[in-house]
Number of protein chains: 2
Amino acid sequence: MVVDDADDGGLSRLFHALSDPTRRDILRRCAHGDQSVSRLAAEYPMSFAAVQKHVTVLERAGLVSKRRRGREQLVRTEPDALAKARRALDELEALWRGRVERMSALLAQESPTPRPPAQGLRHCEEHTEAHTDEQDPRKGPES
Amino acid sequence: MVVDDADDGGLSRLFHALSDPTRRDILRRCAHGDQSVSRLAAEYPMSFAAVQKHVTVLERAGLVSKRRRGREQLVRTEPDALAKARRALDELEALWRGRVERMSALLAQESPTPRPPAQGLRHCEEHTEAHTDEQDPRKGPES
DNA sequence: ATCATCTACAACCATTTGGTTGTAGGTTAG
DNA sequence: CTAACCTACAACCAAATGGTTGTAGATGAT
C-alpha cells in the first residue's frame, strides 16, 4: 500500500499476499507439488486472469516463483519468504515476552516470592494485570 | 476482503492487519508497553482519526484489545493472535517440507545411497530440482 | 462551571484491489 | 500448416482502503 519498494524489505507485500484465502490456498496446493497456472485456475470459481493476478501478487511478494515447462508455467512456493514472515512475527512475540519478563522481574523484586522468575520463556497464560507503569506521568505535549 | 465473518477464522483479517507498516509499528510500541491512542497518534505523521482507524483494524483482527483508564483508552497487544498467524505459516512450511520429504524418499528408494534419508527435518537448502511428477500427464479438460 | 483532553464516528475523497472481458503471442498436437 | 491450449497483458468496473476534516460525547483539571 503506497509502499513503492524497499520500505520494509517487502514485509508489507508479504503479509498482504497472505491476507487472501485464495492466495493461501494456492500456496497450499503449490507446496504440495508444483502446479501450472491453468491447472490452478481450474480449481477456483473465477476467471483464469483473476488467478493469474493472484499468482502475480504471490510472485511479487517472493512467495512463489515460476518456471517454464513446455507451454505451461509451473508455480512453486518459495519457503524463504514464509520464513521471513515468520521471523517478523517472532520478533513481535519476542518484544511482547520481553515486556512480560521485565514486568515479572519488577514484581519478583518488589514482593518476596510471587513465583519463580519466569525461567522457561513459556507462553505466559495469565495476562498479568497492572499496566506496566511504562508511560511517564502526564508529560505535557512538546509544543 | 469481501470476507464477512468466519470464512477462515479471521486469518485473512489477521494477515491484512499485519500488512501495514504503521500497524506493525503500533504493535511494536504496544508490545513494549500499553499505549493510549492519543500517545500513539502523536508518533505518526497522520491524523488522530487515521491512527484510530489503524487501531480498529488491529482490534477487529484480534491483535490488540483496548481497556479504559480514566479518559484514555489503553491499547495492548494480544499475543494469541500473533500465535495464530504463526501457526498458519508453520502449517504452510510443514506442507512444503512434507513434499520435500516425499521427494527425498522417492529419490532415496530409486538410487542406492544418494544421501541418508533426510533424518532431521532440516530446512533442506537445495531446491531439489525435478518436478515431483505429481501432475498426471495431460489429462484432457473435463468439458 | 468551564475548559482542555481523549475518544468516537460520520462524510468525503484518491487510490488500490479483486474481479471481469477481450486481444495477442508462443507451444504442442494432428 | 492449422487447430487447440497455455499464458500474458491491457482496459474497464465495483468495492474496499487509507487518508482527510468536522462534529459530538465523556472524562479530568482548574
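Note: hydrogens, waters and symmetry copies are ignored here, and every other heavy atom, side chains too, is used. Chain letters run A, B, ... following the sequence lines, proteins first, then strands; residues in each count from 1.
Between the CD atom of Q52(B) and the C1' atom of dG19(D) there is a distance of 13 Å, rounded to whole Å. In this structure, D20(B) atom CG and dT17(C) atom C1' are separated by 15 Å, rounded to whole Å. If you measure from atom CD of Q73(A) to atom P of dT27(C), you get 11 Å, rounded to the nearest angstrom. Nucleotide dT15(C) holds its P atom 18 Å from the NE2 atom of H16(A), rounded to whole Å. In this structure, CD of E72(B) is placed 12 Å from P of dA8(C), rounded to the nearest angstrom. Rounded to an integer number of Å, the gap from CZ of R23(B) to C1' of dT17(D) is 9 Å. Taking atom CZ on R60(B) and atom P on dA8(C), their separation rounds to 15 Å, with Å as the unit. Between the OH atom of Y44(A) and the P atom of dG18(C) there is a distance of 15 Å, given to the nearest Å.
Between R76(A) and V64(A), every side-chain heavy-atom pair lies at or beyond the 4.5 Å cut-off. Under the 4.5 Å side-chain criterion, counting only non-hydrogen atoms from C-beta, W96(A) is not in contact with L27(B). Residues K66(A) and V75(A) are in side-chain contact: their nearest non-hydrogen atoms beyond the backbone lie under 4.5 Å apart.
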Sort me out a list of protein N/O and nucleotides 20-24 of chain D N/O pairs below 3.5 Å, or just none if empty.
residue, atom, partner, partner atom, Å
dT20(D), OP1, S47(B), N, 3.3
dT20(D), OP2, S47(B), N, 2.8
dT20(D), OP2, S47(B), OG, 2.6

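In terms of heavy atoms, R13(B) sits closest to R60(B) at NH1-NH2, 3.5 Å. For R68(A) against G70(A), the heavy-atom pair with the smallest separation is NE-O, 3.6 Å. Looking at every heavy atom in both residues, L11(B) comes nearest to A85(B) through CD2-CA, 4.5 Å.
For dT7(D), the OP1/OP2 oxygens have a side-chain nitrogen or oxygen of S38(A) closer than 4.0 Å. Look at K66(B) and you'll find a side-chain N or O under 4.0 angstrom from OP1 or OP2 of dA8(C). Put simply, H54(A) has a side-chain N or O that comes within less than 4.0 Å of OP1 or OP2 on dG19(C).
Among residues two or more places apart in sequence or in another chain, the salt bridge (charged side-chain N to carboxylate O under 4.0 Å, His left out) test is passed with D25(A) by R28(A), R29(A).
Set against dT7(C), dA4(C), dT7(D), the side chain of R71(B) has dA4(C) as its closest nucleotide.
Among the heavy atoms of the strands lying under 4.0 Å from S36(B) are primed sugar atoms or P, OP1, OP2 only; no base atom is included.
An angle of 30°, rounded to 10°, separates the two end axes of the helix from dA1(C)-dT30(D) to dG30(C)-dC1(D), each defined over five pairs.
For the atom pair CG of L74(B) and CZ of R39(B), the computed distance is 10.0 Å after rounding to the nearest 0.5 Å.
In this model, a donor atom of one side chain and an acceptor atom of the other lie less than 3.5 Å apart for R24(A) and S12(B).
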